[in-house]
Asker: 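Got a structure here, written out as structure tokens. Questions coming.
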2 protein chains.
Amino acid sequence: MEEKELEFICEEKHPHYQKINEVKCTEPDTEQIETLSNMFKLFADNTRLRIICSILNTELCVCDLCELLDLNQSTVSHQLQILRNAKLVKYRREGKQIYYSLQDEHIEQIIRNKFSTYFRRGG
Amino acid sequence: MEEKELEFICEEKHPHYQKINEVKCTEPDTEQIETLSNMFKLFADNTRLRIICSILNTELCVCDLCELLDLNQSTVSHQLQILRNAKLVKYRREGKQIYYSLQDEHIEQIIRNKFSTYFRRGG
DNA sequence: CTTTTATATGAATATATGTTCATATGTTAA
DNA sequence: TTAACATATGAACATATATTCATATAAAAG
């Protein structure tokens, strides 16, 4: 069990102090929130979403993506870097070209699990 | 069946023109991408996530949220407005206070469904 | 070894977004 | 009706993020 350092609100300070204190106990900590919002940020951009959708079922090289999505090569590379850092995509070199594909076979599942972990509601 | 206006790539223009054209057929359109990324943006912010988590199982008024999350009243109101516009939260007035709660009982489900719709991968 | 092609990356810029301040609106109590 | 409190909101500001340009790196071809 993890020990949380919580500052509970007292009655004088707030009329709903009890309810607030209860919610405080179930709050995800700063790190969890940060992790979760960072994950959502990855999907919260049109360009990245389009890239992800493009390689849902196949691998593509950078210039494929540029052509397909009608984007600047630099833009694609920068966004791929973000997806790489997040370990959302993997890549392999074949000659001069670098082929990108989804790192995990089940991005969908990953997200679902994160949701279940952090957003499970009490009965 | 919807008719898509696709500009297919020709052989001269790109070596992988076939693969690209195939992917082009399964791409979500601009509107779908926009909708999806907007949805992720809602969850891609620490403050909004914390607010959402706080009202997962209970309703809270604005000053409860300010106290609980140690945030400026204006900040909370602005973020609640965003969540209201997205129909993610609902509210009711009781005297001077306004109580917020989740609009839908199953945010988790909503997201999952969106995922399933847009991110389903071919076998 | 030089040139060409594919990709990556730092820096500059443009844009979007979150927070704060000041103040407006709406409700209750005096 | 006025004062006090809770919340909302426009404008200013600060910050984060995406895109572009210029250029570096890396591989292949000549």
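Order of the sequence lines fixes the chain letters, A, B, ..., with proteins taken first and strands second; residue numbering starts at 1 for each chain.
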Asker: Going 5' to 3' on DNA chain D, which nucleotide is the first and which the last to come under 4.0 Å of a heavy atom in chain B?
Answerer: D:dC5 to D:dA11

Asker: Can you tell me the distance, in whole Å, between the CD atom of B:Glu94 and the C1' atom of C:dG26?
Answerer: 16 Å

Asker: Between A:Tyr100 and C:dA8, does any side-chain N or O lie under 4.0 Å from OP1 or OP2?
Answerer: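 So the side-chain polar atoms of A:Tyr100 do come within 4.0 Å of the phosphate oxygens OP1 or OP2 of C:dA8, strictly under.
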
Asker: Have a look at B:Leu65 and say if it touches a base, only the backbone sugar-phosphate, or nothing, with a 4.0 Å heavy-atom cut-off.
Answerer: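 Here B:Leu65 touches no strand at all.
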
Asker: Between A:Ser74 and A:Gln97, which residue's closest nucleotide on DNA chain C lies nearer the 5′ terminus?
Answerer: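 Mapping each residue to its closest nucleotide by heavy atoms, the 5'-most match is A:Gln97.
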
Asker: Is a side-chain N or O of A:Arg48 found less than 3.5 angstrom from the main chain of A:Leu42, in a donor-acceptor match?
Answerer: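 It does hold such a pair.
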
Asker: Pick the nucleotide of DNA chain C nearest each of A:Ile98 and A:His78; which residue has the one closer to the 5' end?
Answerer: A:Ile98

Asker: Any side-chain heavy atom of A:Tyr91 within less than 4.5 Å of one from A:Leu83?
Answerer: no

Asker: Within the modelled atom types, does a donor on one side and an acceptor on the other bring the side chain of A:Gln73 and the base of C:dA6 under 3.5 Å apart?
Answerer: no

Asker: Take A:Thr30 and A:Glu34, measure what side-chain hydrogen bond (donor to acceptor under 3.5 Å, both in side chains) needs, and give me the verdict at the end.
Answerer: CA-CA 6 Å; A:Thr30 310; A:Glu34 195 71 35; over 6 Å; no

Asker: In whole angstrom, give the distance that lies between atom CD of B:Gln79 and atom C1' of C:dT17.
Answerer: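 From B:Gln79 CD to C:dT17 C1': 9 Å.
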
Asker: Check the distance between C:dG26's P and B:Tyr91's OH and give it to me in whole angstrom.
Answerer: 12 Å

Asker: Is the backbone N or O of B:Val23 less than 3.5 Å from a side-chain atom of B:Thr26, with the two atoms forming a donor-acceptor pair by type?
Answerer: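 Pair found, side chain donor or acceptor close to backbone of B:Val23.
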
Asker: What's the CZ-C1' distance between A:Phe40 and C:dT17, to the nearest Å?
Answerer: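 Distance check: A:Phe40 CZ to C:dT17 C1' gives 18 Å.
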
Asker: Flag yes if more than 12 heavy atoms outside A:Asn85 fall under 6.0 Å of its CG atom; otherwise flag no.
Answerer: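 Check passes, neighbour count above 12.
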
Asker: If I take atom NZ in residue A:Lys96 and atom P in nucleotide C:dA6, what distance separates them, rounded to the nearest angstrom?
Answerer: 6 Å

Asker: How close or far is atom C1' of C:dA11 from atom CD of A:Gln81, stated in whole angstroms?
Answerer: 14 Å

Asker: Taking all non-hydrogen atoms of both residues, which atom of A:Asp64 and which atom of A:Leu60 are closest, and how far apart?
Answerer: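 For A:Asp64 and A:Leu60, the tightest heavy-atom pair comes out as OD2-CD2, 3.7 Å.
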
Asker: At less than 4.0 Å, is any side-chain N or O atom of A:Ser77 found next to OP1 or OP2 of C:dA8? Yes or no.
Answerer: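 Checking A:Ser77 against C:dA8: at least one side-chain N or O falls below 4.0 Å of OP1 or OP2.
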
Asker: Nearest-Å distance, CG (B:Leu71) to C1' (C:dG18)?
Answerer: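 In whole Å, C:dG18 C1' and B:Leu71 CG are 11 Å from each other.
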
Asker: Would you kindly give the CG-to-P distance between B:Asn46 and C:dT19, to the nearest whole Å?
Answerer: 9 Å

Asker: Both A:Thr47 and B:Val76 contact DNA chain D. Taking the nearest nucleotide for each, which residue is further toward the 5' end?
Answerer: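 Final value for this comparison: B:Val76.
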
Asker: Does any part of the side chain of A:Leu69, heavy atoms only, come nearer than 4.5 Å to the side chain of A:Val76, both counted from C-beta?
Answerer: no

